[in-house]
Amino acid sequence: MSDRPKSPAEILATPVQFLRGVGPARAELLQRLGLHTLSDVLFNFPRDYEDLTDRREIADLEEGKLQTVVGVVEEFELRNTGPGRSVLGVLVRSGSGWLRAVWFNQPYMAERFYRGQRLMLSGKPKREGLMWEMAHPRLALLADDEEAPRGELLPVYALTEGLAQWHMRRIVRDALEAHVDLLDEVFPAEYLDAHRLLPIRQALPEIHFPKDHESLARARRRFVYQELFILQLALAVKRHQQVALRRAPVLETTAKIDARIRRLIPFTLTASQERAVAEIAADLARPTPMNRLLQADVGMGKTIVAVYAMLVAVAHGYQVAMMAPTEILARQHFQTIERLLRASQVRRALLVGGLPAKERADLVRRIASGEVDLVVGTQAIIQEDVEFARLGLVVIDEQHRFGVRQRASLKQAGLDPHYLVMTATPIPRTVTMTLFGDLDVSTLRDAPPGRQKVYTYLVPEPKREAWWEFFGKKLREGRQGFVVTPLVEDSEQLEAASLEAAYEALANGPLEAFRLGLIHGRMTSAEKDATMAAFRSGEIQVLVSTSVIEVGVDVPNATLMTIEGGEWFGLAQLHQLRGRISRGKFPGYCGVFADPQTDEAKQRLDAFASTTDGFQLAEIDFALRGPGELFGTRQHGMPPMRIADLLRDTAELDEARRDAAELVASDPGLARPEHARLRRMVIARYGRALDLADVG
Ligand code: ADP
Ligand code: MG
């Protein structure tokens, strides 16, 4: 034993084994739950509450809901039902109603009752014949003249086998009673007042053992705010580090450069494309790297905005790289760029896997020596041996949400490149503010003029034939279409087999009069290329595929789509698919066959059919799936939220984001002594996930 008194920090780090009510065996169970220290136990928030405050008259009881009744024991009976088995039935009267409480195999409980005993029972009642019954209710015995307590909100903690709920509650209660005074406040008193936040020493006991719903809400708000504030601080610090501490080439969009670029664009930019271009031009003209997210609904024309940005960089003698999530898309971007830049001097190259070794080596050499201006490719661009001579801008076309960290990978000595990230579909606002929270955002909201409507039908099975007739009629009118089947098994071989089968069925059935093509993951890129080219030229009328065409494929004459097994696709995926047929001057028709087995799948499909607004669908998707899968997944490397719920705590998210931005603006590295505590919390929680250099 040390003779010097321990500091609060040391006490908070006490191993759980030495807590009251915990020995070596229970310590092991707690550790299994990730609770190693006193501090872990104190900040292990309940995952739910048992609400014993819902007091009812027997006449008002509802089946299956936790409710509380106060009454008097009328009679009770203990019956033996076998060796070591018994049923204790207690008949309770309350007002003019009756309720039977039962306990199985707890004969000793009988000793607690006598006729006329007042008590309070909490449980989920069930109708048994004419009588309400509660099995194993929570019991509070009351003295004759004792007023029934208001009832409590009891915490419900995550448990592990061998650890009972009541035990966990006791451990937490004891820990709170003994140690809550050790907790240091994170925020200054004026800050707490100004933001209507409970002090921590008040909030922590309240969140574990709330007096009532209202004080629970106040305690919860304090911790939700704190959690989101720390996250937003981390993101703000990250932004600061990405921008202020780095140097990027100054790429000014002069009037001359602008005019030269616009001569290459075959249409007038939409108002929101103009706005995005202006925002990007302003970023590029600064000596710090751009970190901008360009988000848009499908088909709103992100590509041309990205091309504009690339041409600004090339005009200044810098190289640019554009990365797509798949090879098909990289090729398509490349073709788009080829078409636009036919008349320009820009030296372009496509870098994808599967190039002949010699060709690749030569290309890599030309990139390194600066003989190539613009490189389009897959993630392969940023790998291994590819080194740019003068990289000025990186455009990342993200299929899905890579999140914050992965973007950091493309670095070079000297100046940093500017970054433009594009998402395939709109992302929910809260996701923009969190997983993409280190980026500035430009949004394209208006579609290019002349865009046609897409009609979506959930086709019931009996209408299948009618749908194919319609599909065929439109093909005869000169349109083209897709048939998409789900990738049910995660295997290219099975994918190919089930696609072949679908293809055969169509070719010998409803679509036998038409020229069909097939595209799947097992084809070589040359085969895929040839098929896509044949589709683009109209030689192939109908392309049968799995979701490889999901993102980006742009064939304006394709206006028809049949989706089989619609229940297998996510909402964003469905929306992407539909985006393939909204690009030309003819209206699109999307028919979905589906056999939804869950409510969620039904809602998803109904939402899909009810609107074509991708921003709205993104929010619906988020609400349906919940934010759970966002954080704490390996994909993003962000630690899970402990208490905040991004679906419901949006007001706190806004507030925390504003406050964090303000604080970081005044103290970018959180270097001031009064921010030391916050800085430690930020680094401890997000330092690794966000790759935060510990400045200050
Ligand atoms: P997405 O935002 O889905 O990537 P694209 O950049 O592929 O959209 O653009 C979709 C289609 O719209 C392309 O064929 C493109 O040429 C066309 N487009 C883009 N902007 C305009 C515009 N301002 N006016 C007319 N057509 C446009
Ligand atoms: Mg696109």
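Residue indices begin at 1 and follow the sequence shown. First listed ligand is number 1; within each ligand, the first listed atom is number 1.
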Check your understanding: Relative to ligand 1, is R451 under 4.0 angstrom through side chain, backbone, both or neither, heavy atoms considered?
Key -> side chain
Revision key, fill the gap. Quick look: M300 vs ligand 1, heavy-atom contacts under 4.0 Å, and the answer is backbone
Review point. Ligand 1 versus Q273, non-hydrogen atoms closer than 4.0 Å: side chain, backbone, both, neither?
Key: side chain
Check your understanding: Would R292 count as a cation-pi partner of Y419, with NZ or CZ less than 6.0 Å from the six-membered ring centre and within 45° of the ring normal?
Key -> no
Review point. Cation-pi between R348 and F334: NZ/CZ under 6.0 Å from ring centre and within 45° of the ring axis?
Key: no
Point to revise | Y589 and Y457 aromatic ring geometry - parallel, tilted or perpendicular at 30°/60° bounds | key: parallel
Practice item. From the options I304, T270, T303, T336, select the one whose nearest heavy atom is closest to atom 5 (P) of ligand 1. Key: T303
Exercise for review: Just let me know how T268 lines up against ligand 1, side chain, backbone, both or neither, with a heavy-atom cut-off below 4.0 Å.
Suggested key: backbone
Check your understanding: With a 4.0 Å cut-off on heavy atoms, is A296 touching ligand 1?
Key -> no
Exercise for review: Could you tell me whether some N/O pair between L269 and ligand 1 is separated by less than 3.5 angstrom?
Suggested key: no
Exercise for review: Have a look at M310 and tell me which of V376, L393, L341 forms a side chain to side chain contact (heavy atoms under 4.5 Å, CB included) with it.
Suggested key: L393
Check your understanding: With a 6.0 Å cut-off on ring centres, are F482 and F471 close enough?
Key -> no
Exercise for review: Salt-bridge test for R239 and D440: reply yes if a basic N is under 4.0 Å from a carboxylate O, no otherwise.
Suggested key: yes
